[in-house]
J.: 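Here it is: the structure, laid out below.
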Amino acid sequence: FLSSVSTTWHSNDDDVYRAPPIDRSILPTAPRAAREPNIDRSRLPKSPPYTAFLGNLPYDVTEESIKDFFRGLNISAVRLPREPTNPERLKGFGYAEFEDIDSLFQALSLNEESLGNRRIRVDVADQAQDKDRDDRCFG
């Protein structure tokens with residue numbers, strides 16, 4: 001009568017018991033959403049660009065890894081400023097632009113989530129600052 005459970009002791013069956021990866025496109029049902037981002041919706045921009053400021057990024061982060069971090073959301077652009085003196089080195093922050101307000105709002109709920117080995121900061125980008133600084137180097 002033990003034969004039915006014996007498979008649980010084989011190491012090659014491990015992944016059967018592993019939790020599936022979180023699909024961020026179903027965020028509202030994830031436990032994370034129980035802690036709605038305590039964001040005052042009035043802080044969100046009324047019109048595009050819907051840009052999030054990303055802080056505390058790992059220095060080896062790529063646009064791809066940012067897009068993957070926000071997968072399921074309508075992300076339209078990622079900007080990762082580099083050190084002028086050392087173009088190989090990222091400044092440790094960046095911006096993600098979203099196509100709609102809801103994607104931006106959902107992105108803000110990922111504040112303090114881990115990317116690489118760091119808990120990254122996701123906040124509403126300061127519109128005025130963002131405009132002045134980055135339009136020139138948006139290439």
Side-chain angles (χ1 to χ4, degrees):
F1 72 102
L2 274 179
S3 63
S4 65
V5 290
S6 64
T7 54
T8 54
W9 294 314
H10 293 303
S11 58
N12 61 358
D13 284 341
D14 271 356
D15 28 16
V16 179
Y17 303 99
R18 232 175 257 136
I22 291 164
D23 176 358
R24 290 185 191 286
S25 61
I26 53 170
L27 263 178
T29 56
R32 180 87 195 160
R35 300 180 275 160
E36 261 277 284
N38 56 1
I39 305 257
D40 175 357
R41 266 190 183 258
S42 69
R43 285 184 56 214
L44 298 179
K46 303 283 178 278
S47 60
Y50 302 114
T51 309
F53 170 83
L54 310 175
N56 197 35
L57 296 174
Y59 284 107
D60 58 355
V61 77
T62 61
E63 291 190 18
E64 277 317 300
S65 59
I66 301 272
K67 286 179 176 162
D68 192 49
F69 182 75
F70 291 122
R71 77 181 163 275
L73 305 183
N74 296 321
I75 191 165
S76 54
V78 175
R79 298 200 296 280
L80 298 171
R82 297 175 178 275
E83 295 288 359
T85 53
N86 179 358
E88 292 297 297
R89 189 174 168 83
L90 295 169
K91 290 190 172 179
F93 67 89
Y95 299 94
E97 205 168 285
F98 297 92
E99 287 168 30
D100 54 71
I101 192 90
D102 283 330
S103 287
L104 173 59
F105 189 69
Q106 299 245 352
L108 296 171
S109 71
L110 298 173
N111 186 34
E112 299 279 294
E113 287 285 337
S114 293
L115 175 59
N117 53 356
R118 298 184 180 216
R119 294 165 78 87
I120 70 168
R121 189 173 146 230
V122 183
D123 200 358
V124 180
D126 178 326
Q127 297 289 290
Q129 253 186 339
D130 193 37
K131 273 265 165 295
D132 295 344
R133 267 207 316 247
D134 285 318
D135 272 3
R136 291 183 302 278
C137 59
F138 196 117

J.: How long is the gap from OG on S76 to CD on E97, to the nearest 0.5 Å?
T.: 4.5 Å
J.: Who are the side-chain hydrogen bond (donor to acceptor under 3.5 Å, both in side chains) partners of R121, not counting sequence neighbours?
T.: D123
J.: Rounded to the nearest 0.5 Å, what separates atom CZ in R43 from atom CG in D126?
T.: 10.0 Å
J.: Under the criterion ring pair (Phe, Tyr, Trp, His ring centres under 6.0 Å), which of Y50, F70, F105 is the partner of F98?
T.: F70
J.: Would you indicate whether the side-chain heavy atoms of F69 and I120 approach each other to under 4.5 Å?
T.: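 I120 vs F69: side chains touch.
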J.: Which pair of non-hydrogen atoms, one from P45 and one from I101, has the smallest distance, and what is that distance?
T.: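 Nearest heavy atoms, P45 then I101: O-CD1, 3.1 Å.
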J.: Taking all non-hydrogen atoms of both residues into account, name the closest pair between P58 and G116 and its distance.
T.: CG-CA, 4.4 Å
J.: Is any side-chain heavy atom of S103 closer than 4.5 Å to a side-chain heavy atom of I75?
T.: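 No - every pair of side-chain heavy atoms lies 4.5 Å or more apart.
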J.: Closest approach of K91 and R82, non-hydrogen atoms and distance?
T.: CE-O, 3.3 Å
J.: Specify the closest pair of heavy atoms between N111 and V122, including all atoms of both residues, with the distance to one decimal.
T.: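 N111 and V122 have their closest heavy atoms at OD1-N, 2.9 Å.
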J.: Decide yes or no for I66 and L57: does some side-chain heavy atom of the first lie under 4.5 Å from some side-chain heavy atom of the second?
T.: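 The answer is yes, as the side chains (C-beta and beyond) meet within the 4.5 Å cut-off.
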J.: Which pair of heavy atoms, one from G94 and one from P81, lies closest together, and at what distance?
T.: CA-CD, 3.8 Å
J.: Should L115 and L54 count as side-chain neighbours, where that means a heavy-atom distance under 4.5 Å?
T.: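 No - every pair of side-chain heavy atoms lies 4.5 Å or more apart.
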J.: Side chain of T62, backbone of S65: donor and acceptor closer than 3.5 Å?
T.: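 Checking the backbone N and O of S65 against the side chain of T62, a donor-acceptor pair under 3.5 Å is found.
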J.: Side chain to side chain contact (heavy atoms under 4.5 Å, CB included) with N56: which residues, sequence neighbours excluded?
T.: R118
J.: Quick one: CG on L90 to CG on D60, what's the gap to the nearest 0.5 Å?
T.: 8.5 Å
